[in-house]
Each structure stands twice: as C-alpha cells, then as structure tokens.
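Single-structure report; data block below.
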Amino acid sequence: MSLANQSNDSSFPAFWEELKWRGLIAISTDEAELAKALNSGKLTFYIGFDPTAPSLHLGNLVQLLVMRRLQLAGHQPIVLIGGSTGLVGDPRPTAERQLNTKETVAEWVEKLSKQASKFLDFSGKNPAMLVNNLDWTESLSAIDFLREIGKNFRVGKMLAKEAVSARLNSEHGISYTEFSYQILQGYDFLELYRRHNCTLQLGGSDQWGNLTSGSDLIHKVEAKSVHLMATPLITNSDGKKFGKSEGNAVWLDAEHTSPYAFYQFWLNVEDADVIDRLKVFTFLSKSDIEALAEKVRSEPQLREAQRALALEVTSLVHSPEAAQGAIQASKALFGQAELSELGEADLLSSLSELPSVKSAKGASIAQLLVDTGLEASVSAARRAIKEGGVYLNNEKITDEGALFDQVLAGNCAVLRRGKKTLAAIYLS
RNA sequence: GGCUAGUUACCCAAGUGGCCAAAGGGAACUGACUGUAAAUCAGCUGGCUCAGCCUUCGGGGGUUCGAAUCCCUCACUAGCCA
C-alpha cells in the first residue's frame, strides 16, 4: 500500500463524518467548529511522538494514520518528535519514568523521525513537516522558561490534571521534572502556532490534559482559540489494552517485530474486534468493511476480515512484498503442508520471516529455544519441553535434554513453541 | 529540618529469626477443546552444569550457627509537624 494509493472514502458527505464513523474521535474541542474547520479549507495540525523507545508501536500507528487521513483531506501535518519532552518524561499513571541518557534519546529521535515519515507525503500542496521540539527548548534558559512560559501556568490547574493527580494520589508521587511536562508540551503547541500557524493538535485521549495545556496557553498568550482532537485508546473487547503480543508491544520496526509476527498479530484479532480495527487501521472503504462485517457474521471460521486486516496493515507498515512473504510463510508453517514435503525454495523463503539462529547438529534444543528467543531462559525452555509444548520440524520433543539432530531440505529446521511461535535453525 | 508509616518476584499482595525460591490473586505461558478463535478445564511461572547448587524480598553494612524477617545507614515514597 503506497501513499499514492491511499484515499479517504468519498461516499461520506464530509470528511468529518468518516472520522466519526471510523471511531477516531474520543473527545475534541467544540465539535461543530472543528468539523467546519476540517471540512473546509486547509489547516495545519500536529501530533507529538516522544522518543521513549527505539521504535514506534501500534498505539502510535493510530495517530499516524489519523494524520495521513487529515493530510488526504487537504490539511498539512506536522510530525513533532519530542527530543526535549523525551528527556523529561510524560508522567505515567503508575510510576516515575527512568530517565534515558541524552545520547540514547537523540538516537531514538533519529529512528522515530525516519519511521514516522514513511506514513506521510512530504511533497505536494500540503506536504508534511518534521520538527523536533529540542530546536526551541534547548537554548531556553531556566530563568527565561520560568518568566516567559511558567508564568502562564496556574499550579492549581496543573495539579488537577489527571496524569498528575493520579500520581499524587499514588504512593509513588511525582517528581518536579515530570510535573513540568505539561508545560513543555503546551509550549510546543504555542511555538508551532507561531511558526507555522498550527491550529490543531491531535493525540491519544490519555493525552487530553497535555493537549489542553497547549490550547490554554495559546488562548492566554495569543488570545486565539485553537482546536484539539483526541483519538480513543484502543482496547480489546475483553477490556485489555490492545497492541500486546505475548505481553510485548507490537513494534513498527521490523527489527523488533518481524513482518511475519506482525502479520500473525493481526490475523489473530478476535471476531468481536476485527471490524473496529479495520476502520481504524486500514484505508478500506465503508462498503468494503461492511461486506467483511457480514462475512464475520456468516462465516466466522474463514476469518476473511482478519485476513484482509492483516494484509492491509502489514502492507502499510512494511510493504506489500513483506505481507505476501508473511502470508506464504503462514500457509507453509501452519500445518496445511507437511514440512518435509515442502520444497527447499518454499521452505527457505518461509523461514526467512522467522527469528533464526545458526547451529550445528548436537546443540541442545533447550539452548536453541533460548538462542532463537522462543524462550527467555534455559529453565523456561526445559519447562516448555516438559509441558509438551516444543516441536522440532513438527515432531514433539519429549526429552528435556534432547539434541538438535534433524534437518529438512536446505539444511534448515523449524523450531516451534506452543501452537504458533516459530523460529528457524540453519545448519552451520 | 523533625516525627510516623512504607519499599517483597511481571502487577497486586501475604510473610515479622530456621518448615521461604518466598502463601493468595491477577496476568503471561503450555496442554485439551476450537476457527492458528472466544469461553471453559488442567498444568505451569527466579536462574543454573537441575534428585544438587547459585542469586533474589529498595541499596550498603552489621548481629546470628542461621535474616525477607532484628540493628545501623543511605535512597525513594506517603502522611503529619516545623
């Protein structure tokens, strides 16, 4: 799915209606005003991403796709990477963040910038822009910050923000550093308003307090009302947070979550959630999605909606080629075919999607489970074998001390933990 | 600055000198069933050269044959006082 092929659904009377239908608006400033602004003319808007990890994840993808939809509707996106806010830390409801070093944050800024840029068009009439808030905060002295910006913030209001009050009410408390975060984010919006006439900030609904911090500041300093819009936190039908696979975040970077694993993640979305996911994470039209919804009702076991979702999102985030690779690998590795009957070429291309390790015959299976990342420790690996959950080339391993002794065509082997966690071993 | 309470494994939380690698719950993982589902049931969850050994109960030091448990100290958190 290249940028050129993406479009909003023209069957909606107005762009705003599509956003609502896709469930992308959890909360916003005056809806009528915002709808009017989005349905007519061009406005400049931004979303901030803090470098808290070397890759963006699915939660960020929601934002990136909303950005892209707004761009397709003719608006101009600014991607803000939080080089300075990432140094301070957005207060989490649970506990204080561990500060990362400046070098690490700078490195992550680079990675996230590159990653986020893939989803937007940097050419044309309303090209995207990429900014780093370190550009306007780094040179700011503490005194200037307190005099020029801090003066506009009332502590009472800051304390009332949910992110802060939650922490004050917890036994962890909050540091002055994280308490100040909302001021920095508010200042970003003001700066972007001044530099680029940016009049809309988007974010996740958990960011609402930080979003309002910016609009309040602009209102105070510039006597101008700006817009805010927050996307809902995506949750599964069972109420759990969406975007975790085996307890780990699903990353957009292929190094952290392979295209195969990424595809599998989407393929495994529950029936109850799949239509909502299609609305949020794909550019499929309303009529296409409604047709898939009907399929979920009539023939849930075929999982056509899940297949469409997995194909679309994997193509979008990685590439159509990567998606096809993941589909092929899924077919080959999920039981339809006997592994031993697979041709060498099919087998090797399927395995290329999996985490892999080189090994010689005679290595212990338990150790290979660890080396491939299928298990966290040798103890855990032994446990998995004892529980009957480990397979080499689809044959159950029963002995905890079993050795690697059997390869398929192409001198490779398939190691499996449980039903669907796979890795490749290549004979060295 | 003072006083009081607290810091236990992924999370919550019990344990107050040996029976503690540490109850219970949640969550994850594995198995059966199934649609590579959901629900349900069962198992399982520090590490290792695994009938044994090693490291863990905020950090460091000490008492003791023996400490998650007692003492000192440092850090952090909460509440109260100044």
Side-chain angles (χ1 to χ4, degrees), chain A residues 91-99 164-179 235-250 260-277 292 295-311 314 326-337 339 350 353-354 363-367 369-371 373-391 394 396-403 414-423:
Chain A
R92 280 187 291 208
T94 45
E96 191 82 7
R97 286 175 191 271
Q98 180 83 38
L99 287 178
V164 174
S165 69
R167 284 279 293 279
L168 285 174
N169 290 331
S170 81
E171 62 184 81
H172 298 284
I174 186 168
S175 68
Y176 185 73
T177 306
E178 290 194 359
F179 177 60
T235 51
N236 290 334
S237 52
D238 57 10
K240 279 182 234 148
K241 201 170 172 185
F242 167 77
K244 300 269 175 176
S245 170
E246 298 202 4
N248 300 314
V250 176
Y260 169 79
F262 190 82
Y263 178 86
Q264 283 287 324
F265 171 81
W266 293 102
L267 192 63
N268 281 296
V269 166
E270 288 176 30
D271 296 356
D273 296 318
V274 67
I275 298 304
D276 284 350
R277 299 293 173 271
L292 287 167
K295 288 282 187 185
V296 175
R297 272 189 295 275
S298 58
E299 303 172 285
Q301 73 280 7
L302 295 182
R303 289 184 297 154
E304 282 195 34
Q306 279 90 340
R307 285 178 213 286
L309 177 67
L311 172 64
T314 309
I327 290 172
Q328 288 310 315
S330 297
K331 275 191 187 147
L333 300 171
F334 268 96
Q336 280 117 321
L339 284 173
S350 300
E353 298 291 329
L354 303 176
S364 95
I365 296 291
Q367 186 60 48
L369 283 163
V370 177
D371 293 345
L374 258 40
E375 284 291 357
S377 68
V378 176
S379 294
R382 282 170 193 272
R383 195 180 304 131
I385 293 172
K386 200 162 61 188
E387 290 173 335
V390 174
Y391 301 78
N394 276 351
K396 184 180 276 195
I397 302 291
T398 49
D399 174 11
E400 289 176 40
L403 302 177
V414 179
L415 191 59
R416 173 156 65 91
R417 190 211 71 211
K419 281 183 183 156
K420 43 193 172 188
T421 314
L422 297 150

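Letters A, B, ... mirror the listed sequences (proteins, then strands); counts begin at 1.
Partner assigned to A68(B) is none, using Watson-Crick or G-U wobble distances below 3.5 angstrom. C53(B): Watson-Crick or G-U partner is G47(B), with both key distances under 3.5 Å. G79(B): Watson-Crick or G-U partner is C3(B), with both key distances under 3.5 Å. With a cut-off of 3.5 Å on both pairing distances, the Watson-Crick or G-U wobble partner of U40(B) is A32(B). In this structure, A22(B) makes no Watson-Crick or G-U wobble pair, since no nucleotide meets both defining distances under 3.5 angstrom.
Within the 3.5 Å criterion, the main-chain N or O of L302(A) finds a donor-acceptor partner in the side chain of R307(A). Proximity of a side-chain donor or acceptor of Q306(A) to a complementary backbone N or O of V269(A) within less than 3.5 Å is detected.
For the residue pair V370(A) and S377(A), the shortest heavy atom distance occurs at CG2-C, 3.3 Å.
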>> One pair to check against side-chain hydrogen bond (donor to acceptor under 3.5 Å, both in side chains): Q328(A) and S350(A). What are the steps and the verdict?
In response: CA-CA 6 Å; Q328(A) 288 310 315; S350(A) 300; over 6 Å; no
>> Set out, in order, the CA-CA distance, both residues' side-chain angles and the distance that settles side chain to side chain contact (heavy atoms under 4.5 Å, CB included) for R416(A) and L374(A), then state yes or no.
In response: CA-CA 8 Å; R416(A) 173 156 65 91; L374(A) 258 40; 5.9 Å; no
>> For a side chain to side chain contact (heavy atoms under 4.5 Å, CB included) check, start with the C-alpha distance between I397(A) and Y391(A), then their side-chain angles and the critical distance, and finish with the verdict.
In response: CA-CA 5 Å; I397(A) 302 291; Y391(A) 301 78; 5.8 Å; no
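Nucleotides A14(B) and G66(B) place their C1' atoms 23 Å apart, quoted to the nearest Å. Atom name P, nucleotides G31(B) and U45(B): the rounded distance is 16 Å, in whole Å. Look at the P atom in both G35(B) and C53(B): the space between them is 49 Å, to the nearest Å. Taking atom P on both nucleotides, A68(B) is separated from A21(B) by 9 Å, rounded to a whole Å. Taking the C1' atom of each, A22(B) and U8(B) are spaced 9 Å apart, rounded to whole Å. To the nearest whole angstrom, the two C1' atoms, one in A28(B) and one in C76(B), are 29 Å apart. Rounded to whole Å, the P atom of G60(B) lies 23 Å from the corresponding atom of A23(B). Between C44(B) and G25(B), the two P atoms lie 13 Å apart (nearest whole Å).
Atom-to-atom, CZ of R416(A) to P of U30(B) comes out at 11 Å; the value is rounded to the nearest Å. The separation between I174(A) atom CD1 and A78(B) atom P is 10 Å, rounded to whole Å. Atoms CZ (R277(A)) and C1' (A37(B)) sit 15 Å apart, rounded to a whole Å. As rounded to whole Å, 7 Å separates atom C1' of G31(B) from atom NZ of K396(A).
Note: I365(A) CD1 to D371(A) CG = 11.0 Å, rounded to the nearest 0.5 Å. In this structure, the separation between CG on L354(A) and CG on L333(A) is 5.5 Å, given to the nearest 0.5 Å.
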>> Across nucleotides 41-52 of chain B, 5' to 3', mark each nucleotide with B, S or - according to how protein heavy atoms within less than 4.0 Å reach it.
In response: --BSS-SBSB--
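For E304(A), the salt bridge (charged side-chain N to carboxylate O under 4.0 Å, His left out) partners at least two apart in sequence or on another chain are K295(A).
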Nucleotide N/O to protein N/O under 3.5 Å, stretch nucleotides 33-36 of chain B:
unit_1, atom_1, unit_2, atom_2, d
C33(B), N4, K419(A), NZ, 3.0
U34(B), O4, K419(A), NZ, 2.4
G35(B), O6, D271(A), OD2, 3.2
G35(B), N1, D271(A), OD1, 3.3
G35(B), N1, D271(A), OD2, 2.6
G35(B), N2, D271(A), OD1, 2.7
G35(B), N2, P300(A), O, 3.4
U36(B), O2', N268(A), OD1, 3.1
U36(B), O2', K420(A), NZ, 3.2
U36(B), O2, Q264(A), OE1, 2.9
U36(B), N3, Q264(A), OE1, 2.9
U36(B), N3, Q264(A), NE2, 3.2
U36(B), O4, Q264(A), NE2, 3.3

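Using bins of under 30°, 30° to 60° and over 60° for the plane-to-plane angle, the ring pair Y176(A)/F179(A) lands in the tilted bin.
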